[in-house]
Amino acid sequence: MRWSQAHIPTLRDDPSDAEAISHRLLVRGGFIRQLMAGSYSMLPLGVRVRAKVMGIIRDEIDAIGGQEFLLPELHPRDIWERTGRTETMADILLTVQDHRGTELVLGPTHEEIFTTVATELTSYRQLPQLWYHIQTKFRDEPRPRSGLLRVKEFTMKDSYTFDVDEAGLDQQFDNHYDAYRRIFSRLGMESIAVKASSGAMGGKESVESMVASPAGEDDVAHCSNCGYAANVEKATSRLDPIDDDEGPTSPVQFATPGVKTIRDLVEFDGGADANRQIKTLVYIVSELPVLVILRGDHDLIEQKLMDGTGSIDVRPAHGDEIRDLLGADAGSLGAVGVSGMRIVADHALAGRKNMTTGANVDGHHIRGVDVERDIDGIEWLDLRIVKSGEPCPECGEPLAVFRAIEVGHIFKLGTVHAAALGASVVGAAGKEVTLVMGSYGIGVERNMAACVEANHDDRGIVWPVSIAPYEVVVTVVKMDDDTLRAAADIYESLIASGLDVILDDRDARPGVKFTDAELIGIPYRVTVGPRGLAEGVVEVAERRTSEAIDVPVADVISHLMDSVVSQRPGI
RNA sequence: CGGGCUGUAGCGCAGCUUGGCAGCGCGCCUGCUUUGGGAGCAGGAGGUCGCCGGUUCAAAUCCGGCCAGCCCGACCA
């Protein structure tokens, strides 16, 4: 490609509506343009990167036995009703009507449709199967954000496995786990695999692949000592035991005028340290009130409440609901003496005595609470969010909690969808067996963005060779006939050698060409100018290191082939 | 869904308080000079001021409604 003919609209200024680094650089570099919130046009450079990302993914999934399909994006609604996901995914489901008024679903994922295809499997002898496609997904995200990181329409590689039993699923899951590690490594990112909550996908076990970045939307707890890693929605930590005094034989109520928060009560004369308080929250879980209690210095993470109660319909109660249920306002709530309501408690409260909590009387608290003695019918769950610095649950070293981008997610689904859609085979024993499924996703454009988050400097993007829009740019530094001809010759010979090259033959000053090449992140630049040509050399510069060396014109091909090809396959 | 901010030329912004010719920088076009790190000079093109309505002799500017984009939060009492 000759740059003079290419549509690469680079921008000198940061776009005003972009905050995340990947968003800014991809827009400035002319890779993408926004159409509306959560919707981006891919420009030619973006398309090239995207294609290479998909190529790496395809390569690795094929390598573990994947067969590529291509399933529709327009789905009949009734299939989604049969798995119940018109309900469970209602918030993000986009639908359209055809001219007959039939409701169609724009696929947010493809478990249902792949399973429908899988109903044609008849015998365990046909298993295992690993099917995948790379296809658009539509999700009505409540809040798209950060450029390509969260959008309403995106490309996903989603694979699905079908096995006769759990052992087969485990094997396919492990294969994907390994393949994903290789994919992210080839995309130039350091990923860590974390245990996760499987959310709306259902199923029992899932592992997310995370890449650390401040632009991410998840928090990960990670132990650099032993490698423990988990999404904070799942993470735990070891806590130092607290020795409590016995306290009184029964709780004692006392007046706490003006005390509304845990902190207020810490500072109140006669109050208690936060870790000797019981925090009481009221939630509505599947339309029923639930009292949630934690240690005063701990915070609830709602995902754990969802996972622990098995409900996806969880919200904090409103002020009036709280008053109706407990007879007091938030700030004076407690679980002591409450009956007829589900009470869930975080494990950190187990065995605790002489605690202080609200009295369910405005402006009053009670002290001397023995959790297990004074609160009836407790259901024990893991509910609190892990904080940075708490001891690792495996080895006790301090955990680090940091933001990360979820670049992939793999699930052991089990038989839910297969059962709902009647996908089964005849097993070895001659009896019908429901297919055991797994599903595995990678967001293509999100990985492009994550790669930029992980590979940039103050001059722009630093693509790894594996997915750079071009591997080499030949920059013509002075547009006279001799220089241009020499550069074009080098360009042609590099192309002939199988390199992915662009010739910057624009009638622009060299500074413009250098800054553009650096902004869009091309790994190698061959600078061709009269000064070097007089000596029979051109300059070869590496984007990542900024190192530049003079190379005799005759050696350019072999020099670049060595550098580029050694990096092409990734690690 | 709640809160905050923002909509003026392709991009970045000023003008709005106090109503009165729609501006600046970059980019773009033409010419000349220049050419190893975002050139200089001269000339030029380009705008429903987000949309609808109201007030007024007069609205980018004041008032009302709507739409769109960005950021934060998702009610931790």
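Atom set for the values below is all heavy atoms of this structure, side chains included, hydrogens, waters and symmetry mates excluded. Chain letters run A, B, ... following the sequence lines, proteins first, then strands; residues in each count from 1.
- Nucleic acid contact for A:Val282: base, since at least one base atom lies under 4.0 Å from a heavy atom of the residue.
- Phosphate contact (OP1/OP2 of B:G12, side-chain N/O of A:Ser16, threshold under 4.0 Å): present.
- Under a cut-off of 6.0 angstrom, the local environment of CD in A:Glu267 is crowded, with over 12 non-hydrogen atoms contributed by other residues, nucleotides or ligands.
- Across all strands shown, A:Ile322 has heavy atoms under 4.0 Å from base atoms, whether or not it also approaches the sugar-phosphate.
- Checking A:Gly511 against A:Lys279, the closest nucleotide of RNA chain B that is more toward the 5' end is the one next to A:Gly511.
- At a threshold of 4.0 angstrom between heavy atoms, the contacts of A:Lys260 are confined to the sugar-phosphate backbone, with no base atom among them.
- A side-chain donor-acceptor contact under 3.5 Å links A:Thr515 to the backbone of A:Gly511.
- Residue-level contact check: A:Gln34 touches the backbone only, with heavy atoms under 4.0 Å from sugar-phosphate atoms and none from bases.
- Within the 4.0 angstrom heavy-atom criterion, base atoms lie near A:Ala317.
- Annotation: cation-pi geometry not satisfied between A:Arg543 and A:Tyr524 (NZ/CZ under 6.0 angstrom from ring centroid, within 45° of ring axis).
- Taking the six-membered ring where tryptophan is involved, the planes of A:Phe268 and A:Phe254 are tilted, since the angle between them lies from 30° to 60°.
- Within 4.0 Å (heavy atoms only), A:Thr527 reaches at least one base atom of the nucleic acid.
- Within residues 1-15 of chain A, the residues having any heavy atom under 4.0 Å from RNA chain B are, by residue number, A:Arg12, A:Asp13, A:Asp14, A:Pro15.
- Within residues 469-493 of chain A, the residues that have a heavy atom under 4.0 Å from RNA chain B are, in order of number, A:Val477, A:Lys478.
- Of the nucleotides present, none pairs with B:U48 by Watson-Crick or G-U wobble criteria with both distances under 3.5 Å.
- At a threshold of 4.0 angstrom between heavy atoms, the contacts of A:Arg145 are confined to the sugar-phosphate backbone, with no base atom among them.
- Counting any heavy atom pair closer than 4.0 Å across all strands shown, A:Gly358 reaches no nucleic acid atom.
- Within the 4.0 angstrom heavy-atom criterion, no nucleotide atom of any strand lies near A:Arg263.
- Using a 4.0 Å heavy-atom cutoff across all strands shown, A:Gly331 reaches sugar-phosphate atoms only and no base atom.
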Could you pull out all donor-acceptor pairs under 3.5 Å where a side-chain atom in residues 526-535 of chain A meets a protein atom, sequence neighbours excluded?
residue: A:Thr527; atom: OG1; partner: A:Arg525; partner atom: NE; Å: 3.0
residue: A:Thr527; atom: OG1; partner: A:Glu539; partner atom: OE1; Å: 3.4

